[in-house]
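Working notes, structure below.
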Amino acid sequence: MSLDQSERTDKDMLIDGSWIEGDDRTDVINPYDGTTVGTIPSASREQVTDAIESARDAAERTSLSAYERYELLSIAADRLEERAEEVAEIITSEQGKPITEARTEADRSVQTLRLSAEEAKRQFGEYVPMDPQKGMSRDHCFTQPEPVGVVAGITPFNFPLMLMAHKVGPAVAAGNAFVGKPATATPLSALVLFECLDAAVEEMDAPDGLVNVVTGSGSVVGEEIVDHEAVDSISFTGSTAVGKYLANNSGMTDVTLELGGNDPTILWSDTDVERAAAEIVDGACSNAGQVCNSVERVLVDERVEDEALAALSDAASRLTVGDPVDDETDVSAMVSDEEFNGTVELFEETVAQGATVEYGGRYGGDLGERVFEPTVLGGVTPDMPAASEETFGPLIPVIPVSDFDEALEEANNTEYGLEAGVFTQDIDRAKRAADAIDAGGVNVNTVSGFRTDHMPYGGFKDSGTGKEGIKYAVEHFSRTKLVGFHDG
Ligand code: NAD
């Protein structure tokens, strides 16, 4: 592994085709060893305004054809692919994610740009016959998709490259200009993505301001995005608290919200418990549990509770905890003291209320300052904190249930509705779960955390509104115009 921990990655923000240093700079900290890995500008509200207005100007001036948008995104994908290892190392150093997972994130982000490029060529309207209306047999109408104008993308810390690619790719594919605002803790990898997009804009001779990125705090940068009337659509991924705030304060601006979750996975006695346990542990512990659709609660058929606890503990014991730059590491540091302390609190309170530690339970100290080891909790009841709240750490709370109806009821016993998993070999049970669980995705024979970049993805209830997934995001970032030809 070549990552040089002493190298600093200082990056600037892109406004109207220029890279701007900014007056104030913020440090980006490596969560595993506490070193400063780089700095970014803290944008002022005026600079955010400049970015939005340059995007508005570019949106008005751009006349890139669908094929040109395909070319632009393909060039950006090529550039990112050339820098895949570099950007994976940056993700690991700013976020603490194991390098193997960071490489996957880099690959998927390239793929997202390529899928977006292809989708740019698939924008069709439809013929709308008028003759169903009495006396209108000589009139003809069709619809044509148009870009909404300026799309702003606000992203969280946990997939700093991929979640930005999920927004900027479809927004540009649909013909929009874009302003990105990455998470304050993990902005560097997203800035590499914008360097690649900027190179593509230049190569295509597209307008400056077609893609912009501004860095800094949510309260300054985010607020200006929310307040500025030139933003036509805000695509937000992050916590439910901030998402609700945006929804309440964005007036007439369209908002897509991809928010938190407390995703259940049901493990029924008719399934291969060992296989399910291995997937559940991966689904709960990847990125140290800092994944919106990670396995947050395991609802286990009480007839196999002991077997499941043993299999989950066995799978958890096989994970390697350590330095994220090592290829062998499966679980490493959490992004910040806040996330780490939140997990410690949920764990300690749940144990104090009677849950048993079946495996793990160690944190900090020799493991590393912000490292929590994979932890299986038995005898958990639905009201205990690790079960009732979103846990953004590698905790696996196991809740025994006595029949399948109870499992479904418990699955829905949450204000969230992002995704769910159901391990069963019984088709009727699978179908009942798919129909009954109130979540944006129900995955049979795998865990809640299933996502590919092209599928429709987005939660119900407090987990959000609207769908991502390339095709669905492109549709969302487009508006439909009706053109009518009438009997003259
Ligand atoms: P967060 O809500 O704290 O921050 C997300 C982004 O919003 C950051 O860029 C932040 O700077 C910005 N922000 C903060 N305050 C703002 C304001 N007032 N106005 C505008 N922007 C503001 O979330 P986080 O801690 O970075 O991420 C973790 C959360 O994200 C978890 O709840 C997780 O479930 C959720 N998440 C959801 C999905 C999904 O697809 N549903 C994916 C990943 C993460």
Side-chain angles (χ1 to χ4, degrees), residues 26 28 31 40 42-43 45 48 94-95 97 105 152-167 179-187 190-191 213-228 231 234-250 253 255-263 286-296 334-340 342-343 389-393 414-419 439-441 448-453 455-469 472-473:
T26 306
V28 179
I40 48 148
S42 306
R45 280 188 85 115
V48 183
E94 67 180 351
Q95 204 252 277
K97 175 178 294 177
E105 181 171 348
I154 304 178
T155 51
F157 74 83
N158 58 343
F159 289 89
L161 179 68
M162 193 170 74
L163 294 176
M164 191 59 87
H166 278 163
K167 299 186 188 309
V179 180
K181 190 267 178 244
T184 323
T186 58
L191 291 170
V213 59
V214 275
T215 49
S217 74
S219 55
V220 175
V221 179
E223 292 281 340
E224 182 60 24
I225 288 173
V226 175
D227 287 350
H228 204 297
V231 175
I234 299 175
S235 176
F236 174 81
T237 302
S239 62
T240 296
V242 175
K244 282 187 173 175
Y245 173 83
L246 294 188
N248 291 332
N249 290 279
S250 49
T253 307
V255 181
T256 315
L257 301 171
E258 301 291 346
L259 309 178
N262 189 5
D263 291 0
S286 81
N287 201 11
Q290 302 165 110
V291 180
C292 54
N293 57 356
S294 68
V295 180
E296 299 268 322
M334 306 190 61
V335 74
S336 62
D337 289 340
E338 192 189 345
E339 292 298 337
F340 175 75
T343 301
E389 292 174 37
E390 181 181 33
T391 50
F392 233 46
T414 166
E415 67 267 34
Y416 296 108
L418 191 52
E419 282 201 275
S448 56
F450 175 77
R451 181 175 189 182
T452 60
D453 303 305
M455 74 185 212
Y457 178 84
F460 297 163
K461 298 162 53 182
D462 274 4
S463 290
T465 55
K467 292 286 181 205
E468 287 201 328
Y472 309 91

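Note that ligands are numbered from 1 as they come in the structure, with each ligand's atoms numbered from 1 the same way. Basis for what follows: all heavy atoms, side chains included, without hydrogens, waters or symmetry-related copies.
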Next item on the list: Check salt bridge (Lys or Arg N to Asp or Glu O under 4.0 Å) between Glu224 and all other residues, then give those that pass, not counting sequence neighbours.
Entry: Arg45

Next item on the list: Go through Thr465 and Thr256 one step at a time and tell me if the side chain to side chain contact (heavy atoms under 4.5 Å, CB included) criterion holds.
Entry: CA-CA 6 Å; Thr465 55; Thr256 315; 5.6 Å; no

Notebook entry, point to check: Within 45° of the six-membered ring axis of Phe159 and under 6.0 Å from that ring's centre, is NZ or CZ of Lys97 located there?
Noted result: yes

Next item on the list: Using modelled atom types only, decide if a donor and an acceptor are shared between the side chain of Thr237 and the backbone of Pro156 within a distance under 3.5 Å.
Entry: no

Check: Near ligand 1, which residues have a heavy atom under 4.0 Å away from one of its atoms?
Finding: Ile154, Thr155, Pro156, Phe157, Asn158, Leu163, Lys181, Pro182, Ala183, Thr184, Gly218, Gly222, Glu223, Phe236, Thr237, Gly238, Ser239, Val242, Tyr245, Leu246, Glu258, Leu259, Gly260, Cys292, Glu390, Phe392, Leu418, Tyr457

Notebook entry, point to check: Rounded to the nearest 0.5 Å, how far does OH of Tyr416 lie from OG1 of Thr240?
Noted result: 4.5 Å

Next item on the list: Verify, without hydrogens or angle tests, whether Asp453 (side chain) and His166 (backbone) share a donor-acceptor contact under 3.5 angstrom.
Entry: no

